[in-house]
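Below, chain A is the first sequence line, B the second, and so on; all start at residue 1. Excluded from the calculations below are hydrogen atoms, water molecules and symmetry mates; all remaining heavy atoms, backbone and side chain alike, are included. This is a predicted model, so every value here is computed, not measured.
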Amino acid sequence: MFKKILIANRGEIAMRIIIACRELGIKTVAVYSEADENSLHVRFADEDVCIGPPRSSESYLNVPGVISAAEITGADAIHPGYGFLSESAYLAEVCEACHIRFIGPDPKVIRLMGDKSRARRAMKKAGLPMLPGTDGPVESEEDALKFSNAIGFPVIVKAVAGGGGRGMRVVRSAQELGHAIRTAQREAEAAFGVPDVYIEKYLDSPRHIEVQVLGDHHGAVVHLGERECSIQRRHQKLMEESPSPALTEKQRRKLGNMVVDAAKAVQYSNAGTFEFLMDEHGKFYFMETNTRLQVEHPVTELVTGIDIVKEQIRIAAGERLSVRQGEVTFNGHAIECRVNAEDPDTFVPSPGHISVFSMGGGPGIRVDTAAHSDCTISPYYDSMIAKIISYGRDRHEAIVRMRRALEMSVVEGVKTTIPMHLKILNDPDFLAGRMSTRFMERFTPPSEKKGSLAEAV
Amino acid sequence: MFKKILIANRGEIAMRIIIACRELGIKTVAVYSEADENSLHVRFADEDVCIGPPRSSESYLNVPGVISAAEITGADAIHPGYGFLSESAYLAEVCEACHIRFIGPDPKVIRLMGDKSRARRAMKKAGLPMLPGTDGPVESEEDALKFSNAIGFPVIVKAVAGGGGRGMRVVRSAQELGHAIRTAQREAEAAFGVPDVYIEKYLDSPRHIEVQVLGDHHGAVVHLGERECSIQRRHQKLMEESPSPALTEKQRRKLGNMVVDAAKAVQYSNAGTFEFLMDEHGKFYFMETNTRLQVEHPVTELVTGIDIVKEQIRIAAGERLSVRQGEVTFNGHAIECRVNAEDPDTFVPSPGHISVFSMGGGPGIRVDTAAHSDCTISPYYDSMIAKIISYGRDRHEAIVRMRRALEMSVVEGVKTTIPMHLKILNDPDFLAGRMSTRFMERFTPPSEKKGSLAEAV
Amino acid sequence: MDFDEINKILDIVREHELSEFELEREGFKIRIRKGSPAHVSGAVAAPVAPGPHYQGHPPTHASAQMATAPEPQSAASIAAAAAAAEEVDLAIVKSPIVGTFFRSSEPGAAAFVDVGDTVKKGQVLCIIEAMKLMNEIDSELDGEIVKVYVENGQPVQYGERLFAIKARGDV
Amino acid sequence: MDFDEINKILDIVREHELSEFELEREGFKIRIRKGSPAHVSGAVAAPVAPGPHYQGHPPTHASAQMATAPEPQSAASIAAAAAAAEEVDLAIVKSPIVGTFFRSSEPGAAAFVDVGDTVKKGQVLCIIEAMKLMNEIDSELDGEIVKVYVENGQPVQYGERLFAIKARGDV
């Protein structure tokens with residue numbers, strides 16, 4: 001086992017990793033930017049190294065800084081957390097070269113999954129269901145119509161060179177298709193210089209369902225069930241839960257096994273998440289793989305009893321998975337609310353000094369945070385200040401516990417998204433488990449709704 | 001279901017009950033003494049009523065005050081928590097007369113169990129094992145010797161009218177018996193005016209094992225497994241856990257079933273705890289029944305997933321138990337540390353103003369508290385300021401989580417017992433599960449050891 | 001500028017955690033100091049730590065909190081002092097128990113006492129019903145009733161004000 | 001001046017973290033102080049409440065925390081000011097990267113610079129090894145080395161002091 005782990009991150013996830021290391025009896029090294037000198041992760045790590053100025057690009061994203069910090073402190077492994085360098089194949093490669101263990105998948109796997117088109121091909125080959133789409137650009141309107149009829153409307157016309165919502169058209173019937181293709185081509189040409197467009201199945205109100213996997217270096221892979229993360233705003237997850245209220249036991253097993261097979265096909269190791277869209281008929285479509293720890297990992301920890309961060313560390317140290325698939329059990333229900341220092345209506349960040357910080361506790365409540373009374377939320381980084389995770393015997397209990405925990409939380413000095421979470425927790429559709437990635441549109445100020453099509457894609 | 005519950009308590013347990021009520025959608029009424037005007041339970045209850053001056057006898061123990069507060073606020077039930085009026089058959093009777101539901105067992109059961117000798121007779125009849133003892137006073141030294149040889153040494157000679165350790169002698173061999181009886185009789189005569197003594201089996205280093213039960217008003221009783229509470233100081237529990245590291249699955253089932261039968265024999269309803277001593281051979285001896293919620297109920301909640309306080313409320317409202325015995329499952333391991341505002345070495349209370357209060361959180365940690373930064377711990381009441389409860393897949397994980405949670409807790413302004421808990425958590429015997437009610441003697445200052453015999457009885 | 005406006009200013013002072021606030025306009029000047037002590041010219045004033053309040057107090061209790069806060073030199077306490085001065089010669093009868101306040105022995109009957117009445121020590125002032133028992137509350141001194149704080153039939157808590165009595169000596 | 005305007009001013013005070021704000025115009029004057037108490041003329045300087053620091057800081061970091069705390073009137077900041085004064089004419093060369101500090105090009109070789117040496121802008125002062133790369137750290141000015149803060153072979157953090165140089169003009 002490792003003797004000393006460097007944590008290449010900040011905030012609550014750095015604290016989460018320090019906690020895991022303490023439980024395993026491993027020393028920790030915090031790295032920090034000048035803006036984080038007084039942060040909890042610096043205080044609670046055994047050693048700390050300032051690696052740069054406040055800007056992430058010069059500190060938390062600074063690979064030589066991180067590696068040098070590991071070298072001067074004699075750390076034998078680096079945990080990258082999420083965000084920042086967590087999906088940097090480069091960091092993983094440099095670690096390899098420097099004989100420092102990178103706590104994450106092999107750099108080749110990170111690289112493969114990071115290239116969306118290669119990843120899709122590999123996952124399709126490994127048997128994951130894909131959203132039907134033309135393999136290349138549309139050759140003629142006739143072909144496009146034939147294809148669209150085959151996969152069924154609505155479809156979406158997308159610029160091959162696209163991005164940012166331009167060159168995109170949702171088409172709901174055969175009549176609209178020709179016009180949509182021509183418009184999209186003109187837009188694509190204007191925006192990217194290339195008129196090529198392709199066609200893909202369009203899901204109106206999909207759910208976001210993802211599957212957590214763990215793989216060791218001995219060929220074993222298990223899945224830890226799914227998380228439903230449909231409550232999003234501009235692709236930012238706001239609230240996650242496990243299990244999904246939409247899945248049956250059979251679907252869970254089937255999806256899980258499919259993902260385990262796909263992970264094995266690419267020799268996946270360490271923790272990872274396979275993200276899917278689910279349509280109203282319960283069909284899944286692979287989106288992408290996140291080759292790292294996710295923000296929302298605690299909901300899975302609560303329903304399985306498995307400490308994912310400790311498993312990551314053990315796996316990286318060469319140990320075998322602590323459970324076989326048959327030993328993974330799912331009990332109860334867990335929900336996570338990301339408490340952000342933001343205006344709950346406009347989502348405008350609200351950095352500043354927190355004078356009072358007290359999160360609700362008691363039965364079934366877990367709080368992951370690096371905030372405290374008399375701390376400062378700096379404007380340089382992510383606005384998430386805490387994760388409140390509730391656990392109950394069933395979804396109802398998890399919801400009522402979350403509700404009262406939020407009601408009993410007190411944050412003064414900055415605005416938080418707690419009022420928004422309470423709105424969601426009182427929404428009849430949410431209570432009934434009726435969710436999709438468009439759920440948050442009902443709470444979005446009208447001025448923002450424009451362009452939401454592009455966002456929803 | 002009740003519409004409004006009055007909570008006849010303060011501190012963390014009042015908060016715990018408010019939390020349960022919020023989860024059930026029931027309104028709450030806090031009662032408070034003048035010393036607790038700014039307490040969290042007053043702030044978070046829907047209504048509050050001041051019922052008297054700081055002294056408990058005139059406020060939290062004031063039955064007319066509590067009942068009147070329920071009447072003027074229209075509360076339809078009273079939850080007494082633990083301590084204070086929680087085992088007051090009188091309050092339960094007055095409630096009955098006033099058509100307010102008392103959330104606890106029937107007053108007749110409270111009265112029966114509150115009378116130690118009646119309770120022992122009833123429980124013996126119901127089949128619980130008792131510590132062997134002479135039924136009445138020792139008639140002659142010969143009889144005493146015969147009896148002692150039959151039950152085996154050591155035995156303890158106790159004054160019938162006794163108390164406070166006077167008139168008590170532990171006897172380890174037949175030779176010492178006669179002298180011990182005569183000395184004890186002289187002491188008893190001097191202290192109580194009655195020389196009568198009786199003889200009971202003496203357990204040198206027993207474990208304190210207790211069984212949690214729940215019974216509804218439809219005749220169903222289930223047990224929720226045991227708690228080991230051997231870590232005590234002067235009969236004050238300091239740290240509790242579930243399951244006990246000393247019990248086998250078979251013992252657990254046997255003991256549990258025995259207790260369920262005994263509870264049914266006295267038509268026990270609501271929550272209760274049957275306390276036992278366990279000798280080194282794994283034999284149990286009934287001590288007493290606590291007819292109320294216990295401080296340490298959270299460890300049971302964590303391993304069973306059952307919310308005991310919500311069950312109490314549902315039972316009192318006439319609902320059936322939410323689980324049958326076969327549905328009660330035990331997963332993982334939970335430990336509770338009672339954080340007291342006391343000097344960790346001398347146990348002298350340390351009331352005062354808390355300037356900083358931050359309990360460690362993260363995976364597997366539950367905090368039940370009514371304290372917060374900038375609050376005052378008043379000298380009028382119990383010194384417990386928080387309960388930290390850790391949960392892990394196994395005892396080792398629960399221990400390492402508790403350890404780092406305590407290490408990451410910060411309390412400034414008052415002394416706490418956290419350093420004492422850390423000592424216990426690093427003790428090789430504790431880690432190996434080797435505990436007895438004498439465990440804490442190793443941490444007790446020498447000046448206190450005198451008289452510990454009497455205490456240990 | 002009336003008390004509402006002053007209260008608004010005090011709310012602002014609290015909300016923004018100001019230590020000092022001064023506003024002057026034609027014919028009007030207000031100055032507030034709070035929390036920390038004022039150091040005035042030449043004076044050696046002992047510093048007083050701000051009161052230990054929990055900042056997360058829900059709004060419903062905010063005013064109560066403020067009123068009970070130990071802020072020896074704040075504007076709030078000066079106002080309180082003024083109020084106390086007004087009542088300095090008054091005896092306040094507080095409820096010794098929790099219950100329901102009744103001004104007369106039975107519905108429809110005349111009130112035991114009314115504002116302006118002269119009462120003697122031991123005279124019944126009201127009844128507080130608790131647990132179906134009618135508890136008579138007696139006057140502890142001779143004097144004149146100058147205020148009745150609670151309306152007939154209302155619940156009262158322990159320590160709640162019932163009557164103000166101007167002692168005989170001052171009548 | 002109404003409450004909206006006062007609130008706007010208070011927003012400004014908060015946003016800019018002002019401790020004092022005073023505005024006077026015809027027939028109107030407003031003055032606001034925040035946080036620390038007011039010290040007015042003739043006052044015996046009073047002890048100032050410590051700044052809003054997290055009290056649970058482990059001792060190892062206590063000094064660092066204190067030095068960086070925004071305490072305009074505290075003893076700590078006065079000490080810092082004194083330290084700054086002492087070095088007011090010195091240029092401090094700080095480490096731009098994390099790594100290991102070497103005073104010479106190879107073991108046994110002479111140090112690039114030593115106390116008392118005169119250096120020119122662009123002259124190599126030391127090497128910081130990071131990821132097996134030897135990064136030469138050059139002087140940014142002409143002057144005299146007056147202090148070497150780090151010993152040979154020691155690790156350095158970002159921003160750690162390496163040398164103090166007295167600029168040429170002051171030599």
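- Between chain A and the residues Gly360(B), Gly392(B), Gly361(B), Gly362(B), the largest count of heavy-atom pairs under 4.5 Å involves Gly362(B).
- The candidate from Ile365(B), Val400(B), Ile399(B) with the greatest count of non-hydrogen atom pairs under 4.5 Å with chain A is Val400(B).
- Within residues 296-310 of chain B, the residues approaching chain A closer than 4.5 Å by heavy atoms are, in numerical order, Glu301(B), Gly305(B), Ile306(B), Asp307(B), Lys310(B).
- With a 4.5 Å cut-off on non-hydrogen atoms, Arg401(A) touches chain B through its backbone and its side chain both.
- When every heavy atom of Ile18(B) is checked against every heavy atom of Met408(A), the shortest pair comes out as CG2-CE, 3.8 Å.
- Counting heavy atoms from C-beta on, the side chains of Ile389(B) and Pro363(A) never come closer than 4.5 Å.
- In this structure, Lys27(B) places its NZ atom where only 12 or fewer heavy-atom neighbours from other residues, nucleotides or ligands lie under 6.0 Å away.
- Of the two parts of Met15(B), only the side chain, counted from C-beta on, holds a non-hydrogen atom closer than 4.5 Å to a non-hydrogen atom of chain A.
- Proximity to chain B (any heavy atom under 4.5 Å) is shown, for Glu12(A), by neither the backbone nor the side chain.
- Most heavy-atom pairs under 4.5 Å with chain B: of the set Arg393(A), Arg403(A), Glu23(A), Arg22(A), this distinction falls to Glu23(A).
- Between atom CZ of residue Phe44(A) and atom CZ of residue Arg404(B) there is a gap of 11.0 Å, rounded to the nearest 0.5 Å.
- Each of Leu24(B), Ile19(B), Asp368(B), Val367(B) has some count of heavy-atom pairs under 4.5 Å with chain A, and the biggest count is that of Ile19(B).
- For the atom pair CG (Asp374(B)) and OG (Ser355(A)), the distance works out to 10.5 Å, reported to the nearest 0.5 Å.
- Contact annotation for residues 322-334 of chain B against chain A (heavy-atom separation below 4.5 Å, listed by residue number): Ser322(B), Val323(B), Asn331(B).
- The closest side-chain heavy-atom distance from Val410(A) to His372(B) is not below 4.5 Å.
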